[in-house]
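One structure below.
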Amino acid sequence: MSEERKSLNFIEQIIEEDLAKGMSKNSLRFRFPPEPNGYLHIGHTKAIGISFGLGEYYNAPVNLRFDDTNPAKEEQEYVDAIKEDVAWLGYKWDKELFSSDYFQQLYDWAVYLIKEGKAYVDSQSSEAMAEQKGTPTQPGVDGPYRNRSVAENLDLFERMKAGEFEEGEHILRAKIDMQHPNMLMRDPIMYRVLKKHHHRTANDWCIYPMYDWTHGESDYLEQISHSLCSLEFKPHRELYDWFLDQVVDEDKLRPKQREFARLNLSYTIMSKRKLLKLVEDGVVNGWDDPRMPTISGLRRRGYTPNAIRKFVETVGVAKRENIIDVSLLEFCIREDLNKTAPRVMAVLNPVKLVITNYPEDKVEWLDAENNQEDESAGFRKVPFSRELYIEKEDFKEEAGSKFFRLKLGGEVRLKNAYIIKAESVVKDASGEVTEIHCTYSEDTSRRVKGTLHWVSIAHAVKAEVREYDRLFNDEAPDSHADKDFMDFINPNSLKIIEAFVEPSLTEAKVGDRFQFQRLGYFNVDDDSTPEHLVFNKTVGLRDTWAKVKPKQNTNQNQQKQTQQNNRSAIEQIKSYGKKYDRLPEDKQAKAKAEIQELAKKVSYDELEPLFNTSVKKSGTRIITMIALGVLLANGLDKNDAINSFIAKALDDKNALLVEEAKAIS
RNA sequence: UGGCCUAUGGUGUAACUGGCAACACGUUGGUUUUUGGUACCAAAGAGUCUAGGUUCGAGCCCUAGUAGGCCAACCA
């Protein structure tokens with residue numbers, strides 16, 4: 001019995017340390033603080049997963065706090081959508097709170113700061129203030145209003161609150177240090193006048209606190225123990241702490257801000273602003289378009305909360321910039337759906353197949369297993385008849401032995417039904433195959449290589465299938481300085497197909513998820529009605545055949561292959577270097593002989609760069625030495641570079657290296 | 001007067017705090033299979049950004065570089 005040690009990420013380690021230092025487990029408290037100015041996306045699921053995950057792990061409360069300090073951008077619609085998304089992911093928040101709940105407290109504290117001489121009203125234009133602020137490499141200078149009297153500041157601030165001034169006339173700033181190396185500390189703005197309707201406080205306020213002034217104090221008011229946010233807030237931490245210093249009571253818990261790297265996904269964008277543009281420009285059909293990386297988009301696409309939570313868990317938490325491959329997300333949804341999605345048959349790109357020895361008016365209702373991964377899923381009936389549809393892709397008149405599907409004279413199994421043999425084809429004027437004529441045999445026990453899905457033409461139901469491709473053609477569409485992300489939009493991200501599905505699907509409900517056998521996972525779209533079924537392709541099955549196909553009929557690959565085999569001798573020698581000095585003696589001797597053989601094909605110019613190999617990589621230096629020995633034996637003259645390489649090796653700690661160096665010195 | 005952060009296979013995250021660089025995805029083989037899916041087995045792929053240093057021993061500690069990121073909204 002050995003204790004499994006779960007490796008902790010750096011945030012969990014911080015918490016464990018705090019706990020070890022005496023913090024009570026009961027005082028652990030987290031929060032997820034979205035601004036209600038847009039829809040949540042896959043990037044947010046990481047932040048959600050971290051804070052709510054910690055809450056579940058430590059059985060600690062997690063607040064859902066809407067950071068609603070900018071009425072110009074925020075709307076109730078977004079509050080509702082965010083709540084729906086977080087709930088859908090399966091997380092339960094302790095309290096639903098709003099930064100606007102604290103407007104009065106924040107105001108009172110601001111007045112206190114003014115009285116303490118730590119805040120003042122500035123009455124310049126934003127341009128003038130920006131100029132005084134300096135740049136990251138240049139210090140700022142004090143503005144003309146910095147030393148207003150407390151009385152004057154108090155009077156002005158009260159009048160700001162009373163609505164006596166227009167937007168932009170005055171602001172309240174903290175008085176810190178205009179020369180501070182951290183620009184956020186150069187007298188940051190605490191309040192601005194905004195004569196806007198707020199979705200919760202309506203017109204009660206016309207001054208609104210800024211993020212920095214609000215966030216830490218809100219965390220403190222809620223007694224959040226660990227305030228987790230993404231890396232770009234790191235520079236804010238100093239200010240977060242400064243603001244906290246002004247108001248904290250020593251007896252109360254003082255929140256800690258810690259930062260993690262945000263999630264980036266290849267081929268997608270994560271900025272609310274850019275996502276909004278896709279919606280506004282009609283590139284997609286709304287925030288919940290199945291191509292969108294929003295949670296609502298993924299939900300509509302057929303993703304499950306389980307899959308998303310698994311994904312977030314798998315990507316981990318660290319501090320380095322990352323771009324996660326979409327294939328990981330796809331793996332997570334396939335893994336979940338494989339276990340849960342009922343299998344059905346649907347043909348997306350049909351060709352007619354006639355079973356000539358099957359009676360014309362006969363129909364059989366055959367048993368089909370709903371999900372072989374789940375015994376409790378049971379069976380259903382599917383109708384079989386003389387005329388079927390199969391996928392065009394599944395038939396070729398002639399094909400090689402690697403093609404497991406139907407070809408003339410060949411046999412395949414029809415899933416849940418019989419084995420058939422293709423006898424002949426009917427073609428139209430252009431030579432296109434319009435019908436495949438087959439014979440069937442009722443003996444299903446025989447082994448045949450391929451199995452095809454199918455639908456009975458007479459019983460098939462027409463359905464609209466929406467197939468999606470990535471929205472962008474570039475791996476990181478918004479990371480190009482010289483190009484706009486809109487330049488990378490994939491014009492073919494949506495393909496609408498008229499498909500034929502088995503009749504059991506007429507009973508499918510909006511949101512139901514299926515595996516269309518051999519094709520992928522599909523769910524019933526919100527637009528679907530019993531009269532007009534609409535499916536979204538969530539994700540395809542893993543398809544190793546698709547990878548094999550392009551390789552055939554090009555010998556480019558073969559050329560590549562031979563190039564690989566001819567992979568320069570020097571490369572092969574280098575690969576020995578990695579392990580050489582760790583090899584057992586007999587294998588080492590063998591490797592040495594091999595290296596000496598290969599070295600005959602190596603030129604000095606190829607070898608010389610290896611002289612600079614770092615001292616640590618002794619293996620590489622040894623194999624270089626061996627190869628060099630061969631070159632010298634074949635008549636190469638020693639030069640300065642060679643001499644110094646050998647000299648250095650003779651002084652090395654590695655005995656093997658010294659030995660090889662001695663042999664040729 | 002610049003400050004701060006980061007650097008480990010193709011990708012992401014580990015390495016019990018100085019002791020054989022592991023796990024997952026992906027890739028390549030193979031076995032099983034009424035899904036070219038799933039499951040299972042195996043392999044390839046990293047001397048841990050560079051150069052020094054400390055140490056019996058460094059991915060981890062120290063020094064100096066290099067590269068990338070963040071910070072100059074009355075946004076969050």
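First the proteins, then the strands, lettered A, B, ... as listed; each starts at 1.
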Check: Which value, rounded to the nearest 0.5 Å, describes the distance between A/E127 atom CD and A/Q132 atom CD?
Finding: 11.5 Å
Note to self: Once you apply a heavy-atom cut-off of 4.0 Å, does A/M210 come out as touching a base, just sugar-phosphate, or nothing?
What the structure shows: sugar-phosphate
Check: With no angle test and no hydrogens, is the base of B/rG37 tied to the side chain of A/E373 by a donor-acceptor pair under 3.5 Å?
Finding: yes
Check: Under 4.0 Å between a side-chain N/O of A/S7 and OP1 or OP2 of B/rU13, yes or no?
Finding: no
Next item on the list: Identify whether the glycosidic angle of B/rU50 places it syn (within 90° of 0) or anti.
Entry: anti
Notebook entry, point to check: Quick one: is B/rU38 close enough that its OP1 or OP2 comes under 4.0 Å of any side-chain N or O from A/R542?
Noted result: yes
Item checked: B/rA46 versus B/rG65 - spacing of their P atoms, nearest Å -> 31 Å
Checklist line | Shortest side-chain distance from A/N9, nucleotide among B/rU35, B/rC74, B/rA14 | finding: B/rA14
Next item on the list: Take A/E74 and A/K46, find for each the nucleotide of RNA chain B with the closest heavy atom, and name the residue whose nucleotide sits nearer the 5' end.
Entry: A/K46
Next item on the list: Sticking with atom P, work out how far B/rC71 lies from B/rC25, rounded to a whole angstrom.
Entry: 35 Å
Note to self: What is the distance, to the nearest angstrom, from the CG atom on A/L231 to the P atom on B/rC4?
What the structure shows: 15 Å
Note to self: Check the phosphate of B/rG36 against A/T451, side-chain N and O only, distance under 4.0 Å to OP1 or OP2. Yes or no?
What the structure shows: no
Note to self: Say we look at B/rU66 and B/rA21: how far apart would their C1' atoms be, to the nearest angstrom?
What the structure shows: 24 Å
Checklist line | Pi stacking test for A/W545 and B/rG36: under 5.5 Å apart, planes under 30° | finding: yes
Notebook entry, point to check: Base, sugar-phosphate, or nothing for A/R405, non-hydrogen atoms under 4.0 angstrom?
Noted result: base
Check: Does any nucleotide pair with B/rC61 by Watson-Crick or G-U wobble geometry, both distances under 3.5 Å, and what is it?
Finding: B/rG53
Margin query: Students often get this wrong, so: under 4.0 angstrom with heavy atoms, is A/R447 touching a base, only sugar-phosphate, or nothing?
Written below: sugar-phosphate
Margin query: For the P atoms, the ones on B/rA42 and on B/rG9, what distance do you get once it is rounded to whole angstrom?
Written below: 25 Å
Next item on the list: Tell me what A/D325 touches on the nucleic acid: a base, only sugar-phosphate, or nothing, going by heavy atoms under 4.0 Å.
Entry: sugar-phosphate
Note to self: For the residue pair A/E373 / A/N371, report whether a side-chain donor-acceptor contact shorter than 3.5 Å exists.
What the structure shows: no
Checklist line | Euclidean distance for P, B/rC56 against B/rC70 (whole angstrom) | finding: 43 Å
Checklist line | A/Y191 ring center within less than 6.0 Å of A/F157 ring center | finding: yes
Check: Is there a donor N/O on one and an acceptor N/O on the other, under 3.5 Å, for the side chain of A/Q515 and the base of B/rU35?
Finding: yes
Note to self: If I pick the C1' atom on B/rG36 and the same atom on B/rA44, what distance separates them, to the nearest angstrom?
What the structure shows: 23 Å
Next item on the list: With heavy atoms under 4.0 Å as the rule, sort A/T214 into base, sugar-phosphate or nothing.
Entry: nothing
Item checked: B/rC62 versus B/rA24 - spacing of their C1' atoms, nearest Å -> 34 Å
Notebook entry, point to check: So do the side chains of A/Y145 and A/N153 get within less than 4.5 Å of each other, counting heavy atoms only?
Noted result: no
